[in-house]
Amino acid sequence: MTDGQGRLRDGDYIFKTHEQPFMPGSPATPDHPTLRRVAYLLIGVYLGLVGGFQNGLLIANLTSLQGSLALTPVESGWVTVAYNLTNACMSMLLFKARQQFGIQRFVRVAMACLLLANFVQLFDAGYAMELIARGVSGIAASGLSVLAIFYLMQGLPPKARLVGLLLGIGLAQVALPLARAVSPQLLVGGDIVPLFQLQFALSLVAFGLVNILTLPPGQTVAAFEKLDLLTFPMFASGIALLCAFLVQGRIQWWTTPWLGAALAAAIVLIGMAFLIESNRKNPMLQIGWMTSREIVSFALVGAMVRVLLSEQNFGASGLLATVGMNNDQLTSYYWILTGATFLGMVVSIVRLNPQDLRRPVIGAIAIIAVAALLDTHASTQTRPVNLYWTQAAMAFAAVYFMGGAIMEGLLRALSKGPAYIISFSAVFGLSQTLGGLFGVAALSAYHTLRTKAHLMAIGDSVTLTNPIVAQAVQQRAAAYTGTIGDAALSQASGAGQLVQQASREAAVQAYNDVFLLIGILASLVFAAMFVQWLYNRHHGINPLASELQALQAMMSRSDS
């Protein structure tokens with residue numbers, strides 16, 4: 001609430017000028033005592049990890065979930081869509097909800113959604129409830145990311161509060177490989193219930209923590225308008241159809257008729273939402289700013305990095321599955337990735353230079369290019385230990401680039417005013433979500449085509465007229481003589497085993513093609529960005545000079 005002079009107060013305490021919220025929807029930042037500051041910091045770290053776990057546990061255990069609920073691949077794909085569409089869209093709506101209803105109501109709703117989603121999954125509720133639960137989890141994860149950032153900012157000194165933003169986003173990334181590392185211990189015996197119990201326990205602790213130590217109050221304004229009820233559902237529906245197209249396209253294949261209709265409808269809905277927003281007096285999304293050359297370039301770079309990072313999410317993971325590695329055999333591998341991700345977050349924060357925000361992005365792309373090219377020599381004998389260094393480098397790059405990218409987008413938004421923060425959130429969030437989905441979809445299609453090409457090439461040489469092939473079939477058939485009495489049947493079994501081996505070899509060679517493609521694309525992107533960076537350095541050009549001046553002015557007002 002406010003006093004008679006419009007100053008924010010909490011009970012009998014009136015916040016000083018420098019303690020006031022930066023904008024409506026954000027909490028005040030009072031001068032906390034040291035112990036309370038540490039408590040805020042620790043709770044922020046916990047919330048950041050729990051938010052990342054919502055997605056990490058889904059990705060890590062999607063196959064087990066599919067088996068437990070007897071889902072088809074298509075149904076399993078819809079579970080992924082349900083999470084991604086809500087997680088990608090809700091940041092915009094939640095931003096206005098905080099402004100309209102206040103930070104405390106936002107906290108209660110976000111935590112109630114998290115508890116509800118994880119509580120429902122404790123019971124064998126079936127496919128329909130799983131879809132609902134995952135959709136709610138996407139909403140809750142979006143809210144948890146913001147809560148983590150707010151708590152971290154409360155625990156940091158004023159001049160380091162922007163670090164809380166980077167730390168909150170980085171912790172969510174650390175949780176992804178961490179979820180894969182701990183999942184095998186949760187699924188002993190094939191029972192998926194312990195997974196849901198862990199999710200519920202984590203959310204219950206989070207609910208208790210945010211109620212024991214609440215955020216300071218913030219200011220509220222009338223943020224929602226009637227047109228929001230039209231444009232947001234329209235925009236969200238378009239994003240939902242786009243997510244469905246990217247996920248189901250690689251499962252049902254791209255020529256499935258309804259996928260084309262979904263893509264067309266997505267373009268129409270998003271276009272109509274943009275058209276309405278661009279003609280509003282107080283738009284939810286600043287379309288003119290979002291479609292400017294600088295912001296489009298920013299979004300494309302962020303999406304491209306996420307596409308390149310699909311080398312790990314699709315390429316390396318798929319390769320290890322193809323050569324027969326299961327989750328139990330990958331625990332050490334994912335612990336290494338967790339450590340590398342954490343290191344990337346720390347280095348990104350420590351080495352962040354507001355005067356040169358493109359350097360970490362360029363460095364991350366260079367790391368991706370080198371790591372992808374080194375992985376092009378995989379074979380059916382490849383094991384996790386052979387990928388430790390390259391995939392650790394990928395995990396490092398996945399977080400290292402974020403510091404510079406987020407700060408660049410944030411500076412461009414802040415230079416225009418607080419109202420542009422929601423547009424920055426939409427641009428960055430969608431570039432990461434859709435970039436990741438597009439990367440997996442595109443690489444999956446490319447891998448399928450290259451697998452067929454390699455299999456045809458192998459098939460031309462695998463004929464029974466070839467003495468070496470005939471001998472290999474006889475050797476494999478001999479292994480069945482003790483269990484199969486029919487000589488013709490044992491011969492067919494040996495031939496079938498040889499075909500399976502050929503298919504596995506073709507798939508591995510196709511993954512090498514995927515790694516090569518990623519390496520080439522990353523090299524081209526690196527070359528283009530590096531040349532521009534060198535040009536700017538040589539001529540003393542800072543593309544963000546005006547934005548940095550605006551930030552310095554803002555920080556000066558905050559310190560005064």
Side-chain angles (χ1 to χ4, degrees), residues 59-60 62-64 66-67 72-74 76-77 80 180 246-256 307-330 333-334 337 368 371-388 390-391 394 436-463 466 468-469 472-473 475-476 492-522:
I59 295 174
L62 191 58
T63 302
S64 300
Q66 180 179 334
T72 65
V74 172
S76 179
T80 302
R180 288 184 178 271
L246 293 173
V247 173
Q248 293 293 352
R250 65 186 178 89
I251 298 174
Q252 302 186 42
W253 199 242
W254 307 101
T255 54
T256 304
V307 169
L308 297 176
L309 288 168
S310 297
E311 192 268 5
Q312 182 167 88
N313 300 329
F314 170 78
S317 297
L319 171 66
L320 292 173
T322 299
V323 298
M325 297 290 102
N326 56 42
N327 287 340
D328 292 337
Q329 297 167 297
L330 297 175
Y333 171 77
Y334 283 115
L337 297 194
I368 293 170
L373 292 174
L374 289 175
D375 282 340
T376 55
H377 304 294
S379 69
T380 54
Q381 301 304 312
T382 296
R383 295 297 180 264
V385 66
N386 304 121
L387 302 177
Y388 280 172
T390 55
Q391 292 309 304
M394 281 281 184
L437 292 178
F438 175 79
V440 172
L443 293 182
S444 176
Y446 180 71
H447 178 264
T448 299
L449 296 175
R450 294 306 301 159
T451 299
K452 291 180 179 179
H454 285 299
L455 194 56
M456 291 176 63
I458 293 173
D460 290 339
S461 60
V462 179
T463 62
N466 186 327
I468 298 177
V469 174
V473 171
Q475 290 175 346
R476 286 162 175 76
S493 299
Q497 193 178 55
L498 188 63
V499 169
Q500 290 179 351
Q501 184 177 343
S503 300
R504 184 165 56 250
E505 182 65 36
V508 170
Q509 291 183 26
Y511 278 116
N512 284 334
D513 293 339
V514 168
F515 299 148
L516 179 61
L517 176 64
I518 290 294
I520 292 173
L521 288 176

Heavy-atom pair of closest approach, residues Thr390 and Ala371: O-CB, 3.6 Å
Atom pair NE2/CD of His447 and Gln509 - distance to nearest 0.5 Å: 10.5 Å
Residue pair Gly519 / Ala372: nearest heavy atoms and the distance that separates them: N-CB, 3.7 Å
Note, Leu330 side chain near Leu320 side chain (heavy atom, < 4.5 Å): yes
Euclidean distance, Leu521 CG relative to Ile368 CD1, rounded to 0.5 Å: 11.0 Å
Atom pair CZ (Arg450) and CG (Leu516), whose distance is rounded to the nearest 0.5 Å: 10.0 Å
Nearest atoms (heavy-atom pairs only) where Thr322 meets Ala507: CG2-CB, 3.9 Å
From CA spacing to verdict: side chain to side chain donor-acceptor pair (under 3.5 Å), Asp375, Gln391: CA-CA 9 Å; Asp375 282 340; Gln391 292 309 304; 2.7 Å; yes
Distance, nearest 0.5 Å, that separates OH of Tyr511 from CG of Leu517: 14.0 Å
OG1 on Thr448 to CG on Leu443, rounded to 0.5 Å: 10.5 Å
Closest non-hydrogen atom pair between Phe515 and Leu319, with its separation: CE1-CD2, 4.0 Å
Shortest non-hydrogen contact from Ser317 toward Tyr334: OG-OH, 3.6 Å
Ring geometry between Tyr333 and Tyr388 (parallel below 30°, tilted from 30 to 60°, perpendicular above 60°): parallel
Heavy-atom closest pair, residues Leu373 and Thr376: O-OG1, 2.6 Å
Expected output: side-chain Glu505 to main-chain Thr380 donor-acceptor under 3.5 Å: no
